[in-house]
Every structure is written in structure tokens, then in C-alpha cells.
Amino acid sequence: MGQELNPPNPSPDTASLVKRLAGPSTTKAGLAKDQSEINRIIAEASKGSKFYDNEKRKDKELTERINKILKQRDDARQGVDISQIEKSTDHTLDQLESHRDLSQVIVHVDMDAFYANVELLHNPELKGKPFGVGAGVLSTASYDARKYGVRSGMPGFIAKKLCPELILVNINFTRYQEMSDKVMDIFRRYDPNMLAAGCDEGYLNITAYCEEHNLDPQACVQEMRAFVHKETNLTVSAGIAPNKNKPNGQFYLPFDRESIKSFMQDLPIRRIPGVGRVNERLLDAIGIKTCGDIYTHRATLSLMDKQFGLQFLLRIHLGIASNVVEPGKREERKIASAKVHFRTFSTLSDRQQILNKLEEVAAELEDDTERNGWTGKTVTLKYKLNTYQVYTRAKSFDRWISTKKDDLLAVCHHLWQYHLLLLVFLIFIIYRSARNFCQAILCQLG
DNA sequence: TACATACAC
DNA sequence: AATGGTGTATGTA
């Protein structure tokens with residue numbers, strides 16, 4: 001009956017598209033029972049949207065890129081002595097192995113569902129209930145929500161489809177920052193040089209602490225985690241290893257070559273920091289799913305060093321990473337930005353409306369930079385079309401730029417060009433190399 | 001330098 | 001109806 005209304009033979013979603021739509025953090029906290037059913041629901045909810053079309057386009061582009069790479073691989077392997085290449089790669093591996101340093105005790109600490117657990121402390125009524133933190137897109141999901149497949153980075157309306165009783169809690173960043181400060185202070189007792197990575201995780205070198213207090217690493221970390229719990233009521237997971245490649249959750253990796261090797265053998269390559277969704281697919285295409293697979297395909301990787309980065313992957317295979325922990329310089333702010341969102345408008349007739357919006361953004365940025373004393377040397381105009389395609393247009397100067405709205409607008413007009421006539425739904429203006437205005441004010445433009 | 005892409009959190 | 005913000009690194013031209 002109504003079937004004629006549907007488009008004939010809608011092409012089925014490819015596995016890669018379904019996975020892409022499910023978002024980047026599917027492999028992270030896989031507490032859900034049936035991920036494929038969850039992915040199906042997400043793909044279904046996305047279907048027909050501009051967002052979906054854009055993801056489909058990107059997926060297709062990646063597939064084409066993969067096909068190109070496979071062809072390159074086949075060409076590269078023609079008429080070369082594979083065993084010779086393997087031999088030379090083995091030599092590189094031996095070199096790397098000979099420099100392995102097992103002397104440092106590195107701990108990766110990660111607060112469990114940080115935002116969600118802070119909210120739980122604040123509002124105990126949420127206990128046992130599925131909830132997400134954030135509006136629009138979720139910053140995190142409680143453990144009870146994760147059971148349904150709800151994850152960080154997921155739009156609220158899709159999360160609601162997966163879990164209709166989901167509660168949405170507004171984000172309270174100052175609350176998390178406060179708790180983060182407390183937790184980090186505890187970590188610093190064990191390593192004053194620790195590296196804070198975001199507000200809920202970090203890396204520590206506890207070698208010296210263990211020595212001075214005559215503690216073995218596991219007892220030391222146990223004690224540290226107990227302090228965190230006692231002083232903040234929050235829980236923290238930790239991985240202990242001879243370097244910074246984090247295992248997962250709460251884990252002690254024995255400090256010998258064989259244990260590390262067998263740990264890496266079946267570890268999915270996606271779990272390595274720096275291997276995201278794209279590299280996962282590229283590597284999968286040439287047969288690499290786990291860190292162990294790197295060795296099997298070392299000849300191909302060696303021939304295609306430029307595409308894949310041989311050294312990077314060989315180090316991953318061996319489980320060798322940096323074991324230097326530094327606090328990370330407290331840098332100056334680099335970017336000041338403002339944005340405006342808009343939805344419904346038409347193309348040509350609303351040129352003036354777009355210009356008005358642009359002016360709005362410029363005014364907002366002027367306000368922010370004047371108030372906080374920032375300026376910069378590059379103006380970046382970033383805009384998203386209603387197709388979700390993102391464009392950036394930038395102009396750099398050799399002097400500090402005036403933060404006056406009209407000066408900003410002048411630069412933006414110069415950058416804007418023909419997209420003025422298109423459907424735009426998001427505009428950013430960004431100052432790059434933002435510097436404190438007080439220091440820069442003397443050399444700013446007219 | 002300009003721009004795009006990939007990634008992390 | 002509806003799919004993030006901020007920052008870094010890197011490749012390419």
C-alpha cells in the first residue's frame with residue numbers, strides 16, 4: 001500500500017557506515033550487551049538527516065581512499081624481495097628492543113565516569129538511575145545509562161531512543177573543576193611532576209615515591225586510590241606499566257618483555273592513543289586488527305611507511321612508549337572564539353541575515369577579547385554549511401589585530417567570498433596565537 | 001602560510 | 001526537530 005511512497009531499493013547501510021554513525025567512543029566503555037543492535041537503532045534514528053548524508057559521504061570517501069591504498073600496496077609489493085624487507089624490519093625491531101627501559105613505574109589514572117559521579121555526589125537521587133550529563137550532546141553517561149549503549153558524544157535525542165527513561169542533567173563545569181583540583185592534588189603527593197590530561201585523567205611516575213616509602217607499585221597505587229575515595233568519594237581506575245601506553249582500567253602489567261609482548265599481541269589497535277576511527281579502518285584494510293598483527297604485515301608497513309608510519313607501529317607492537325612524565329607547560333591561551341548557530345533561512349534572499357549574524361559573532365568576540373584582554377595575529381572564519389561540510393578560511397598578519405568589531409568584520413568579508421550565498425548554519429570567528437592584550441596593545445593596528 | 005584531516009578529551 | 005567545543009599535530013601545496 002504505502003510502499004510506493006518509499007524510495008525504491010534504498011541501499012542498505014554498509015557496516016562501516018553503521019559503525020561510524022555509532023560514534024567514536026563505541027570501543028571505549030563497551031558495557032552494552034549487544035552493540036550491533038544498538039548501532040542499528042542509532043543508524044535508524046540518524047537516517048534521512050543531513051548529518052547522516054554527510055557521514056555517508058565521508059564513509060564513501062574513506063572507502064575510496066582505502067581502495068587506492070590497497071592498489072598502492074599491491075604495486076609496491078611487485079618484484080621486491082619481501083623476506084629481505086622483513087629482515088631489515090626485524091633489525092629495526094631489535095634496535096628498539098635493545099633500548100627498552102623497564103626501570104620506571106608509570107601509572108595512568110582515570111576517574112570513573114567523572115562528570116556523572118560528581119553529579120551523583122551532588123544529587124544522590126540519581127543513584128541507580130540512567131542519566132547523561134550535558135544538553136544537546138552528552139559529555140558523559142552514568143554507568144546505568146551505559147548499559148543501554150548511551151555514551152559520551154551522543155546526541156541527547158538518540159540517547160533517549162536507546163533509553164527512554166534517561167535523565168538529562170545540565171553540565172556544571174565549575175563543580176567538576178573543583179573536584180578535579182582536589183583529585184589532582186592527591187595525585188601530586190605521589191608525583192609532583194605528574195601530567196594532568198584533561199580534568200579527569202593523568203600520568204604519574206611513581207618510581208621515586210615507591211623507593212622512598214619502600215612500597216611496591218601495586219600497594220602504592222592501591223593506597224593512592226583509597227585516598228582519592230576517602231577524600232572525594234570518587235573512584236579512580238589505574239593502569240601500572242613501564243610506560244605510558246595505558247592498558248585499560250585497573251591493571252598491573254608485569255615489568256618483563258614477555259608479559260608486555262603477550263599483552264600487546266591481542267590488544268585491538270584501536271585502543272592505542274593516536275589510532276582513531278580512520279586509522280583503524282586503514283589498518284584493518286591491510287589485515288591489521290591487533291597490535292600483534294603489525295608484525296605479520298611488517299613488510300607492507302615498511303613499503304608503505306609514508307601512509308602508515310612504520311616506526312610508530314613497530315613501537316606499538318613492542319609495547320614501547322615514552323616513559324617520561326612531565327607536568328606539561330602551562331601555556332598561554334592560544335585561541336579566542338565566538339560562534340553563532342542558526343537554522344532556518346534561505347539562500348540568496350537572506351544574504352543580509354547572514355551578514356547580520358556575522359556581525360553578531362564579531363561583536364561577541366570583541367566583547368570577550370576586550371573584557372579578557374586578548375588579541376591575536378590570525379583571524380579564522382569557520383563555517384558549517386547545512387550539509388555539515390566545514391570550511392575554514394584564515395588570514396594572518398604580522399601585527400596584533402584590532403579587536404574592534406568592525407575591523408574583524410572587514411577581515412571576515414575578505415575571507416567570506418562566495419559562501420555568502422549558501423546555506424550556513426554555524427559561524428565561528430577565531431583568533432589564533434591569542435596573546436594577552438595588555439602586552440600587545442602597543443603594537444596593535446590603527 | 002593556508003587549509004584540511006585526524007585525534008583526544 | 002535535533003549530531004559538541006577546544007586544542008594539538010601533521011600532511012599537502
Side-chain angles (χ1 to χ4, degrees), chain A residues 20-25 27-29 42-43 45-56 58 61-62 65 108 110-111 113-115 132-140 150-162 168 171 173 176 180 195-203 244 246 269-283 305-309 312 328-329 331-344 377-384 386-398 414-415 417 425-426 428 430-434:
Chain A
R20 169 186 282 273
L21 289 165
S25 59
T27 46
K28 301 280 171 175
I42 296 171
S46 301
K47 215 153 206 165
S49 66
K50 289 259 166 51
F51 179 83
Y52 173 91
D53 293 341
N54 190 52
E55 292 300 298
K56 191 165 184 169
K58 290 197 284 188
E61 279 171 12
L62 184 52
R65 191 175 151 198
H108 175 251
D110 197 340
M111 301 301 295
F114 185 55
Y115 291 5
V133 180
V137 168
L138 302 184
S139 288
T140 193
V150 177
R151 274 179 291 273
S152 65
M154 184 177 276
F157 78 96
I158 289 193
K160 279 268 192 186
K161 286 228 158 79
L162 292 169
L168 294 175
I171 198 153
F173 198 75
Y176 317 137
S180 173
L195 169 69
C199 71
D200 72 335
E201 68 178 279
Y203 293 93
K244 293 196 283 192
K246 68 173 182 187
I269 192 99
R270 179 66 170 87
R271 302 280 279 279
I272 302 298
V275 179
R277 286 191 288 173
V278 171
N279 286 320
E280 179 188 30
R281 261 196 82 190
L282 294 180
L283 289 163
D305 180 22
K306 197 155 175 271
Q307 288 89 336
F308 290 106
F312 173 72
K329 293 155 242 122
E331 277 138 28
E332 260 192 299
R333 185 173 166 187
K334 295 230 168 74
I335 285 175
S337 71
K339 64 168 191 327
V340 161
H341 254 282
F342 43 114
R343 287 193 182 81
T344 46
K377 287 192 175 178
T378 306
V379 178
T380 303
L381 178 66
K382 178 172 170 173
Y383 49 100
K384 230 185 229 183
N386 71 339
T387 57
Y388 285 90
Q389 288 175 95
V390 179
Y391 294 82
T392 58
R393 294 286 177 266
K395 177 120 187 80
S396 297
F397 300 86
D398 58 3
H414 175 76
L415 296 168
Q417 294 176 25
F425 88 87
L426 176 73
F428 272 102
I430 302 169
Y431 275 120
R432 227 157 241 295
S433 343

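Side-chain atoms are counted along with the backbone in the values below, which use heavy atoms only and exclude waters and symmetry mates. The sequence lines fix the lettering, A, B, ..., with proteins before strands; numbering per chain opens at 1.
- Backbone-only engagement by A/Arg65 is indicated by non-hydrogen atom pairs under 4.0 Å involving sugar-phosphate atoms exclusively.
- Residue contacts shown for A/Leu138 are absent, as no nucleic acid heavy atom lies under 4.0 Å away.
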Using nucleotides 9-13 of chain C, report all nitrogen or oxygen pairs with the protein that are shorter than 3.5 Å.
none

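- Shown here are the side chain to side chain contact (heavy atoms under 4.5 Å, CB included) partners of A/Leu162, two or more places apart in sequence or in another chain: A/Ile38, A/Ile41, A/Ile42, A/Val150, A/Met154.
- Nucleic acid contact class of A/Gly276 (heavy atoms, under 4.0 Å, all strands): sugar-phosphate only.
- Between A/Lys50 and C/dA2, a side-chain N or O to OP1/OP2 separation shorter than 4.0 Å is absent.
- With sequence neighbours excluded, no residue satisfies ring-ring contact (aromatic ring centres under 6.0 Å, His included) with A/Tyr52.
- Remark: A/Lys50 pairs with A/Asn386, A/Tyr388 by the side chain to side chain contact (heavy atoms under 4.5 Å, CB included) rule, at least two apart or across chains.
- Counting to the nearest Å, the P atom of B/dC7 and the CZ atom of A/Phe312 are 10 Å from each other.
- At B/dA6, none of the side-chain N or O atoms of A/Asn279 fall inside 4.0 Å of OP1 or OP2 (strictly under the cut-off).
- Here A/Phe114 pairs with nothing under the ring-ring contact (aromatic ring centres under 6.0 Å, His included) rule; sequence neighbours left out.
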Write down the protein N/O and nucleotide N/O pairs, taken from nucleotides 1-4 of chain B, whose separation is under 3.5 Å; answer none if there are no such pairs.
unit_1	atom_1	unit_2	atom_2	d
B/dA2	OP1	A/Ser396	N	3.3
B/dA2	OP2	A/Ser396	N	3.2
B/dA2	OP2	A/Ser396	OG	2.4
B/dC3	OP2	A/Ala394	N	2.3
B/dC3	OP2	A/Ala394	O	2.9
B/dC3	O3'	A/Arg393	NH1	3.4
B/dA4	OP1	A/Arg393	NH1	3.3
B/dA4	OP2	A/Thr392	N	2.9
B/dA4	OP2	A/Thr392	O	3.1
B/dA4	OP2	A/Thr392	OG1	2.6

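- A/Lys47 is linked by a salt bridge (charged side-chain N to carboxylate O under 4.0 Å, His left out) to A/Asp13, counting only residues two or more places apart in sequence or in another chain.
- Ring-plane geometry between A/Tyr391 and A/Tyr383 is classed as parallel, the angle between the planes falling under 30 degrees on a 0 to 90 degree scale with a further cut at 60.
- Partners of A/Arg281 by salt bridge (charged side-chain N to carboxylate O under 4.0 Å, His left out), not counting sequence neighbours, listed by chain and number: A/Asp59.
- Counting any heavy atom pair closer than 4.0 Å across all strands shown, A/Ser152 reaches no nucleic acid atom.
- Residues meeting the ring-ring contact (aromatic ring centres under 6.0 Å, His included) test with A/Phe312, sequence neighbours left out: none.
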